[in-house]
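The figures here come from the full heavy-atom set of this structure, side chains too, leaving out hydrogens, waters and symmetry mates. On a predicted model such as this, the values are computed, not experimentally measured, just so you know. Naming convention: chains lettered A, B, ... in sequence-line order (proteins, then strands); numbering from 1 in each chain.
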Protein chains: 2
Amino acid sequence: MNEWIKVFAPATVANVGPGFDILGFAVGEPGDVIAARKSQTVGVSLANIHYARKGDVGRLPGGIRNTAVIAAMNVLRTLQQRGFVEKTAGVELALYKNMPLGSGLGSSGASAVAAAWAVNVLFGQPLAKHDPDIILACIQAEASSSGFHADNVAPAMLGGVVLIRSYEPLDIIPLDAPQEMVCVIVLPEYEVSTRKARAVLPEQVALKEVVIPHYANVAGVVAGILKKDLALFGRSIDDRIVEPARAHLIPGFYAVKEAALKSGALGCSISGAGPSVFAITDDLERGREIGQAMAQSFAEHGIAESHIYVSSVNREGVKRIE
Amino acid sequence: MNEWIKVFAPATVANVGPGFDILGFAVGEPGDVIAARKSQTVGVSLANIHYARKGDVGRLPGGIRNTAVIAAMNVLRTLQQRGFVEKTAGVELALYKNMPLGSGLGSSGASAVAAAWAVNVLFGQPLAKHDPDIILACIQAEASSSGFHADNVAPAMLGGVVLIRSYEPLDIIPLDAPQEMVCVIVLPEYEVSTRKARAVLPEQVALKEVVIPHYANVAGVVAGILKKDLALFGRSIDDRIVEPARAHLIPGFYAVKEAALKSGALGCSISGAGPSVFAITDDLERGREIGQAMAQSFAEHGIAESHIYVSSVNREGVKRIE
């Protein structure tokens with residue numbers, strides 16, 4: 001009998017303020033889990049999806065339109081092409097969807113990464129995490145649900161903070177995160193569609209007034225991370241392009257941000273496409289206070305329930321847990 | 001009798017590829033020199049300008065429109081306001097203009113920085129190099145000749161690679177340059193006006209096709225410098241906005257760039273507003289070969305004479321030499 005293994009992939013904060021489509025980092029919680037085992041049936045099948053949030057039950061496609069299945073199929077094909085696996089190999093998956101859908105926490109990316117890594121582990125782990133083919137397998141899976149971008153799947157796979165310097169060719173640069181970096185995520189019970197969040201972006205941007213200050217902040221984020229200067233990192237979380245366009249999609253966003261900063265957060269912005277809002281600090285206890293203040297502010301804007309996650313950066317990325 | 005002192009400020013490569021208006025670094029040579037002494041005449045006077053290039057003689061304004069004089073006056077005023085210097089103090093300057101005008105090497109900025117620092121040294125050096133007032137004194141002087149920007153004066157003052165994260169408020173971030181970083185500068189005998197170079201810039205830029213890949217490269221430059229990864233730094237010198245707009249102002253630019261890359265340069269672009277072209281490598285000897293190849297390419301495009309400068313990054317910035 002083929003045994004099940006389980007793989008965990010973490011939630012990720014994409015964009016990190018001004019780094020739309022090019023920066024992301026992995027957090028300690030939440031995350032998705034994939035169970036996988038070898039199967040007699042050729043190819044990849046998805047046996048089951050367990051939803052943590054009742055409202056999500058039944059919302060994900062079950063077959064080859066599921067990001068986990070696409071990623072798993074891509075990796076299986078790569079393993080076959082490289083001669084590691086027989087053409088007749090089969091994999092059975094079960095997805096434990098711990099993250100709510102449409103959260104802005106890289107939920108579909110985490111499922112894809114967990115599935116891709118699970119297939120690799122099942123067949124003796126011939127691919128390294130930074131193998132371009134395994135990352136591309138996940139990017140292509142992501143593309144089917146939320147556009148071609150790697151700022152969720154790359155940090156979910158590798159852990160830490162990741163810069164995608166180029167997509168063609170793929171150039172992924174791990175950035176070592178400061179030890180004391182703590183991330184607060186507040187996820188309001190409110191849904192923002194990724195497609196809608198992409199549709200509100202401007203097509204053209206003013207060079208002098210917007211683009212230059214914007215990329216100065218991108219530079220500040222990278223410098224703050226690599227110089228281990230969290231204050232610089234925090235004040236560089238100043239997004240002149242995407243945050244202003246998306247803020248109205250999240251009820252009370254600017255008040256929530258103000259609440260975070262007033263509670264001592266070094267920086268705060270939308271996580272991915274939202275509605276999750278993230279804040280940076282250097283202390284877990286202060287992080288919990290910041291999270292409470294942010295959730296309270298959401299409550300004052302009509303969103304009674306929010307999830308608060310406070311954790312250090314996840315430096316390990318995807319991992320086998322059973 | 002009041003004795004003359006002499007202060008040297010280095011040439012600088014502003015923009016560093018994609019970092020228009022926000023990144024710059026100082027080089028070993030060339031540079032301008034200011035001689036200064038206390039004077040009985042209240043305020044700042046410019047006794048003399050010595051031009052190294054004959055064609056430049058008489059082209060710089062001599063009075064309070066000279067950037068060196070403006071910077072010196074600004075610093076003198078700051079010293080007076082902070083109580084370090086009497087209201088009746090006077091300074092006499094002489095400018096040794098070693099750099100050609102309109103070179104794209106921060107010539108006016110170097111003169112301003114040398115003058116600002118000379119005044120500070122004359123009165124016992126009460127201001128540190130990173131004092132915002134002394135940097136602002138130079139930015140304002142620069143603004144009179146070539147627009148409000150700090151990516152020449154900040155590295156000329158501080159040395160090394162410098163990020164200007166924000167102009168309001170001024171937020172200057174020194175980035176430690178990799179030890180083995182070597183810069184090749186080829187300055188063709190051809191003039192590009194800074195005003196013209198600014199006029200050709202686009203007002204609006206396409207977000208998806210241009211802005212995002214562009215700031216990904218800005219992030220790559222900063223990451224390459226701080227990770228001491230010159231290959232990453234070099235391939236991130238990929239400017240999607242300013243270089244394409246300015247290339248036609250420099251005869252043969254793309255051929256010169258290709259010659260640099262073919263000779264082993266890790267990256268190559270326009271220095272500041274041009275016509276100087278800079279290239280990055282990790283070895284002085286190879287740097288000289290790259291410089292020859294670039295000058296040769298300029299010659300093939302009708303510019304018979306070029307100056308070649310090959311040096312490590314200047315980490316010290318402005319300094320007293322006599």
Student check: side-chain heavy atoms of A/E203 and B/L207 closer than 4.5 Å: no

B/D229 portion near chain A, given a 4.5 angstrom heavy-atom threshold: neither

Which portion of B/Q204 sits near chain A, non-hydrogen atoms under 4.5 angstrom: both

Distance-minimising heavy-atom pair for B/L163 and A/A223: CD2-CB, 4.2 Å

Closest heavy-atom pair and its distance - B/A219, A/I22: CB-CD1, 4.1 Å

Proximity breakdown for A/D176 and chain B, heavy-atom pairs closer than 4.5 Å: neither

From A/I212 atom CD1 to B/H149 atom NE2, the distance as rounded to the nearest 0.5 Å: 11.5 Å

Minimum heavy-atom distance between B/R165 and A/G220, given as atom pair plus value: CG-CA, 3.8 Å

Option in B/A206, B/G224, B/P202 with maximal non-hydrogen atom pairs under 4.5 Å from chain A: B/A206

Shortest non-hydrogen contact from B/Y215 toward A/F20: OH-O, 2.7 Å

Engaged part of A/V218 at the chain B interface, taking heavy atoms whose separation is under 4.5 Å: side chain

Verdict with supporting geometry, B/V222 and A/V221, side chain to side chain contact (heavy atoms under 4.5 Å, CB included): CA-CA 10 Å; B/V222 174; A/V221 165; over 6 Å; no

Within 6.0 Å of NZ in A/K228, more than 12 heavy atoms from elsewhere: yes

Residue among A/D21, A/N217, A/D238 with most heavy-atom pairs under 4.5 Å to chain B: A/N217

Heavy-atom check, side chain of B/L175 versus side chain of A/K227, under 4.5 Å: yes

Euclidean distance, A/H214 NE2 relative to B/H214 NE2, rounded to 0.5 Å: 11.5 Å

Side chain, backbone, both or neither of A/L23 within contact of chain B (heavy atoms, under 4.5 Å): neither

Interatomic spacing from CD1 in B/I225 to CG in A/L226 - rounded to 0.5 Å: 11.0 Å

